[in-house]
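Working notes, beginning with the structure itself.
Each chain gets a letter, A, B and so on, in the order its sequence line appears, and its residues count up from 1. Not measured: the values here are computed from a predicted model. Excluded from the calculations below are hydrogen atoms, water molecules and symmetry mates; all remaining heavy atoms, backbone and side chain alike, are included.
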There are 2 protein chains.
Amino acid sequence: METDKVLHLRKLSQQYAFSALQMHEAIARNAGFSSTDHKYLGFFIKHGSMTAGELAALTGLTTGAITGLIDRFEALKLVKRTYDPRDRRKVIILPNSKRIQSLLEPFYRKFQEETEKLLKEFSENECIVLEKFFEKSIALMTKTFTTVNQ
Amino acid sequence: METDKVLHLRKLSQQYAFSALQMHEAIARNAGFSSTDHKYLGFFIKHGSMTAGELAALTGLTTGAITGLIDRFEALKLVKRTYDPRDRRKVIILPNSKRIQSLLEPFYRKFQEETEKLLKEFSENECIVLEKFFEKSIALMTKTFTTVNQ
DNA sequence: TTATATATCTTAGCAGGTAAGATAAATACA
DNA sequence: TGTATTTATCTTACCTGCTAAGATATATAA
């Protein structure tokens, strides 16, 4: 790809990220969550259970913030605190993924449908291009995040 | 594209959005901005000057929050309040895009370089695929945001 | 056993958000 | 024209959720 096109696509990818961010925040507000809480609900669905410390490390939040976050989610019965019998200091956060999903789903349904419709427009080969781009970009952003986040 | 692949790609696109979000927040913290402020600095670079009310409408923040946001940026000389001579109630926010860019650039340099390197791996035709995906997705997310954000 | 390290929680203080009302300027209309 | 209404932004009071630092409880090391 030529330099001009590269710069154009880089801009587009920035704009994509910005739009995603805007949309997620708007949906969070609508669903009655703070932007942070909404973000980590998705995180739970993806990762399943983890300890409070792991969550703090992954998110870059302090342990104090994590305590508050778990408290809020627990009050809504979206997660449950359990304790590691082998190390009773540890708090294992057990998400109720179904309940989380069913709570968020109404707000995403239309968007997800339309995303799927959009993706169906792409051919098998085009799909591979997108896949390659996503995978490499995700790796790059995760690396950048990890580097910066210490 | 087949249904299976569609679902896989939808997941990837979600993960992409999440990674972008994480990275942006980490960079914001590093650069000494709140996540919101960082987000809107990029917004200013992209859109140029606008009125406080336009910014409130575009962001979904209340006018009170916008007043605070402009105050913070003005204190850092990143934007300047000017007044519309034809309607003196209006506050026109004049961003100092160069200063904003030079402030953020160090934190993005490496990432942008690597993104460009990654994009160079794609052919002309593949570039068109990515472009199409981005443009349509951005339109879709913007529509979703606008719908939800009222 | 005692010291140290680790995982999470608690507390105090702060930053930035909202809602509601204040202010000032523009517009509409009798 | 003068008065009422609307509009754009700012101010204020209050609230939420973050950090930093220290407390607590448990695990590990010496």
Side-chain angles (χ1 to χ4, degrees), chain A residues 21-22 24-41 43 49-76 78-95 148-150, chain B residues 21-22 24-41 43 49-76 78-95 148-150:
Chain A
L21 220 152
Q22 289 275 85
H24 277 260
E25 285 187 12
I27 288 178
R29 263 197 299 272
N30 250 256
F33 292 110
S34 77
S35 156
T36 309
D37 283 5
H38 177 219
K39 182 172 139 198
Y40 294 122
L41 285 176
F43 203 68
S49 57
M50 64 186 82
T51 68
E54 280 165 4
L55 185 58
L58 285 166
T59 58
L61 293 175
T62 60
T63 59
I66 295 296
T67 299
L69 191 145
I70 302 172
D71 286 349
R72 290 192 296 278
F73 286 158
E74 206 170 31
L76 295 170
L78 296 173
V79 308
K80 214 171 165 177
R81 270 186 177 86
T82 57
Y83 299 88
D84 186 338
R86 269 160 302 182
D87 182 345
R88 302 199 343 196
R89 294 168 304 176
K90 285 188 180 168
V91 164
I92 298 173
I93 311 165
L94 201 75
V148 161
N149 195 45
Q150 324 152 1
Chain B
L21 219 152
Q22 289 275 86
H24 276 259
E25 284 187 13
I27 288 179
R29 265 197 296 274
N30 251 255
F33 292 108
S34 78
S35 156
T36 309
D37 283 6
H38 177 219
K39 181 173 138 199
Y40 295 121
L41 285 176
F43 202 69
S49 56
M50 65 187 80
T51 68
E54 280 165 5
L55 186 58
L58 285 166
T59 59
L61 293 176
T62 59
T63 58
I66 296 296
T67 299
L69 190 145
I70 303 173
D71 286 349
R72 292 192 296 280
F73 285 158
E74 204 170 33
L76 294 169
L78 296 174
V79 308
K80 214 170 163 178
R81 270 188 178 85
T82 58
Y83 298 88
D84 186 337
R86 267 160 304 180
D87 182 346
R88 303 200 344 196
R89 294 167 304 176
K90 285 189 181 168
V91 165
I92 298 172
I93 312 165
L94 201 76
V148 161
N149 196 46
Q150 328 151 359

*Summarise how protein sits on nucleotides 15-30 of chain D as a single string, 5' to 3': B when a protein heavy atom is under 4.0 Å from the base, S for sugar-phosphate-only contact, - for no contact.*
--SSB-----BBS---
*Shortest non-hydrogen contact from B:A28 to B:S35?*
CB-CA, 4.0 Å
_With a 4.0 Å cutoff (strictly under), does any side-chain N or O of A:R81 reach OP1 or OP2 of C:dT8?_
no
*asked:* Rounding to an integer number of Å, can you tell me how far A:I92 CD1 sits from C:dT8 C1'?
replied: 13 Å
*Excluding sequence neighbours, so at least two apart, what forms ring-ring contact (aromatic ring centres under 6.0 Å, His included) with B:F43?*
A:F18, B:Y40, B:H47
_Length of the line joining A:K90:NZ and C:dT6:P, which is rounded to integer Å_ = 12 Å
*asked:* For A:K39, give me all partners under side chain to side chain donor-acceptor pair (under 3.5 Å), at least two apart in sequence or on another chain.
replied: B:Q22, B:E25
_Suppose the criterion is salt bridge (charged side-chain N to carboxylate O under 4.0 Å, His left out): which pairs have a residue in residues 59-73 of chain A, not counting sequence neighbours?_
A:D37-A:R72, A:D71-A:R81
_Between D:dC10 (C1') and B:L55 (CG): distance, integer Å_ = 15 Å
*Rounded to the Å, how far apart are A:I70 CD1 and C:dT8 C1'?*
9 Å
_How many whole angstroms separate atom CG of B:L58 from atom P of D:dA8?_
14 Å
*B:M50 CE to D:dA8 C1': how many Å, rounded?*
16 Å
In residues 49-56 of chain B, what donor-acceptor pairs under 3.5 Å come from side-chain atoms, sequence neighbours left out?
from  : atom 1 : to    : atom 2 : distance (Å)
B:T51 : OG1    : B:E54 : N      : 3.1
B:E54 : OE1    : B:T51 : N      : 3.1

_For B:D84, give me all partners under side chain to side chain donor-acceptor pair (under 3.5 Å), at least two apart in sequence or on another chain._
none
*How many Å lie between CD on A:E74 and C1' on C:dC9, as a whole number?*
13 Å
